[in-house]
**Student:** 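Handing you this structure, nothing more for now.
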Amino acid sequence: MTEHVVIVGGGTGGTVLANDLADRLDVELAADDVRITLINDGPDHVYKPVWLYVPFGQREPADGRRPLDELVDDAVDLRIDRVTAIDTEAQRLRFNGTAPAVDYDYLVLATGSTLEPERIPGLADGGHDYYSESGSTALRDELLGFTEGHLVLSVIGSPHMCPAAPLEFVFMADDWLRERGLRDDVDITYTYPIQRVHGNPHIAEWARPIMDERGIEVETFFNAEEVDPDSETLTSMEGTDLDYDLLVTIPPHGGIDLIEEAGLGDDGWVDVDKHTLEAEAAENVYALGDTADTGVPNAGSVAHYQAGVVGQRLASEIRGRPATATYDGKTLCFIETGMDAASFVEFDYENQPSPAPPSEKLHWSKLAYNESYWLTARGLL
Amino acid sequence: MTDIEPDETVDARGAACPGPLMDLIGQIRDAEAGDVVRLLSDTDQSLTDVPEWAEEAGNELLAIEELDDHNAFYLEKA
Ligand SMILES: Cc1cc2nc3c(=O)[nH]c(=O)nc-3n(C[C@H](O)[C@H](O)[C@H](O)COP(=O)(O)OP(=O)(O)OC[C@H]3O[C@@H](n4cnc5c(N)ncnc54)[C@H](O)[C@@H]3O)c2cc1C
């Protein structure tokens, strides 16, 4: 009997996994003992970290897009369609319209994050973001002509993709404005929902003095409640009002609705065992990347490591052996601290991060990683 | 034991800091004024995080109940 592995989501985690499995199970695929299907709701693979550079005019959105059929091994069946229902009892996925349902033996959910700006009144009209392709280009159009006033970067809600990216944005904006002789005419304020500037206390302790040194104002315990685009004011649940001229936010994030509808977890995140990545509420279902609720950052590096673990576990299960590979929480992040310097952190469930001193070399390492990412997606790195 | 009847419960047991506080804030955001939200958390950090945030946001922390392996926080939305 042919075992059918279905992966939903052709982003970082899903694509790395599909290629990993094609390599690992090449014999079984050739013998038709296994079939692998990757389903994505669009023909392109999108590499989101490029969006951080778009507002500063340093990258184009096209730099972060490649057709999935160029990246995915030919042994994988690629299907471009949006899954609209998951039935974990019948082990079946459904699509809109007349598209036939797909049955699976093993399901991996790698559907990533969805931006939900509509949860904050006024945000869609008043705020900018660099967490979507269209957001990053709209922000670029504003930022390139912004020469004076109050720039506010507000982190609304958590979890969100790449917890380092809000810090990176204000550090880069500060440096970029300095280089252009405009920093004295622009005030920068950074807001964060809890009592420090980052969720991880070690990263917060490292980042706060850099902000103070560079004159980046900080508002902690700031949970944005409402944006008034007419008066250009952002109000927090804690009762603080901030006037802005340019508002950049990390909008609220959620997963996809069908995860909750399938009873796999709340807010679109799948409840998983944080070591095995197996769904808690259903058999033969795994989740990885942003959609797996493990408590680690929503980062591409996490999705990459988790894909390796799920690949090993699935290969073992398909071969009838006990699955032993586990995920240890490993996370790697480069953190840009300006336009030509970056830091780097590495941590896991047991070990806390300790940010490296910012250097030009680390900045170039981040850019080099961004270029070589396409090899990662292909499963070569 | 408290006899406070919560309108909503957020079970953040197993989540690491600042997950429980963020889950609580999310629930309070959706609640009506006067609603009581109960947060279940097993991280000690919540014992400082939750009272500090309640004070900052002006919501009343009605009680903290110590249970076997976790704490229950009762917050009333202002
Ligand atoms: C500005 C920015 C900067 C970042 N910088 C970094 C960084 O420097 N380092 C780092 O490690 N991470 C970074 N990240 C985070 C990283 O991009 C994400 O964590 C990563 O993409 C998560 O991978 P994923 O596979 O879980 O989801 P994604 O890559 O988001 O892929 C999900 C895929 O699923 C598809 N999909 C969703 N629903 C359905 C459905 N119902 N049917 C079919 N397909 C569906 C989506 O279209 C998408 O293709 C950054 C993110 C942003 C926004």
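Letters A, B, ... are given to chains in the order of the sequence lines, protein chains preceding strands, and every chain is numbered from 1.
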**Student:** Minimum heavy-atom separation for A/G265 and A/D271, please, with both atom names.
**Tutor:** CA-OD2, 3.7 Å
**Student:** Heavy atoms only: give me the nearest A/H253-A/P159 pair and the separation to one decimal.
**Tutor:**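 Result for this residue pair: CB-O, 3.5 Å.
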**Student:** Fit a plane to each ring of A/Y349 and A/Y327, take the angle between them on a 0 to 90° scale, and name the class: parallel (under 30°), tilted (30 to 60°) or perpendicular (over 60°).
**Tutor:**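 Rings of A/Y349 and A/Y327: perpendicular, over 60°.
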**Student:** Using non-hydrogen atoms and a 4.5 Å limit, figure out which bit of B/D30 sits close to chain A: side chain, backbone, both or neither.
**Tutor:** neither
**Student:** Between A/S154 and A/L234, is there a side-chain heavy-atom distance shorter than 4.5 Å?
**Tutor:**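 With C-beta onward as the side chain, the pair touches.
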**Student:** Need one label for B/Q45: side chain, backbone, both or neither, based on atoms under 4.5 Å from any heavy atom in chain A.
**Tutor:** side chain
**Student:** Quick one: what part of B/I25 sits under 4.5 Å from any heavy atom of chain A, side chain, backbone, both or neither?
**Tutor:** both
